[in-house]
Participant: 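Mind having a look at this structure? Questions to follow.
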Amino acid sequence: MNISENTAWLFDYDLTLYTADEHYVLESLDHRITLFCQNTLQSDWDTATRIRKEYLQKFGTTLSGLRAMHGVDPDDFFDFIHTRIGLVYPPRSPEKRAIIEALPGRKFIFTNGRFDWSFAGLKSMGILDLFDGIFDLSLMHWEGKPATSAYDGVKNFLRVQYGGNLPEHIVMLDDSERNLLGGKEAGFETIYVNPKLSEKAFDAQIKSIFELPQILGYQQLITNNLNHV
Ligand SMILES: [Mg+2]
């Protein structure tokens, strides 16, 4: 994989920038989403849980299903689920910071959530200042990955960031095969970040973000940086 200062890194947030070991972060959000479904559908908890998963599968995101089937307003949805009640954020990690900081090029978030969720998480991990922007679901007009329009949108966003042209390399990192296949289709280089192996032909696969230096060959740089922390 060719990387340079003219590489744009598109990091998914959930289960990509924090690891599968920190799945409790996403579970705290899923709990809020289920509660929102329960209120909207006036249903019991088990039905709301089933619907949350069903819409995610069928419509790409739970929100898309709620919009199509129940006319839910996206901001009402996110105002409810992103309230800090019961939400958990990933812990501070100097090692993660060193890994991302040492990557050449500019880094962005490309997430199917609203910006405030990843913003708070990046802040909690102590890595917010390493990113040049968050391309969130509102900027995708609420139609997230893997809809083609989401990738067209992020390309337009990058053109603006780079003064009119796309950067030489665009590398997308995501824990979702489905989202990453969309990225491949859009012409991005792809890194699958998931403890489970994929059969798909991505450019690279890692179990977690912590393996990034190994596959990109900048391990020594990290070790040096961390020794100075
Ligand atoms: Mg994810």
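Ligands are counted one by one from 1 in listed order, and the atoms in each one are counted from 1 as well.
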Participant: With 2.8 Å as the limit, count the protein N, O or S atoms near the Mg ion (ligand 1).
Facilitator: 3
Participant: Within this structure, what is the CG-OG1 distance for the pair D14 and T111, rounded to the nearest 0.5 Å?
Facilitator: 5.5 Å
Participant: Is it the case that D152 and S149 place a side-chain donor and acceptor less than 3.5 Å from each other?
Facilitator: no
Participant: Between H23 and E27, is there a side-chain donor-acceptor contact under 3.5 Å, judged purely by atom types and distance?
Facilitator: yes
Participant: Side chains of T190 and D203: any donor to acceptor distance under 3.5 Å?
Facilitator: yes
Participant: Got a sec, which residues hit side chain to side chain donor-acceptor pair (under 3.5 Å) with Q161, two or more places apart in sequence or on another chain?
Facilitator: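 Partners of Q161 by the side chain to side chain donor-acceptor pair (under 3.5 Å) criterion, ordered by chain and then number, come out as R106.
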Participant: Distance only, no hydrogens: is a donor on one side chain within 3.5 Å (strictly under) of an acceptor on the other, for D136 and S138?
Facilitator: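 Yes, S138 and D136 have a side-chain donor paired with an acceptor closer than 3.5 Å.
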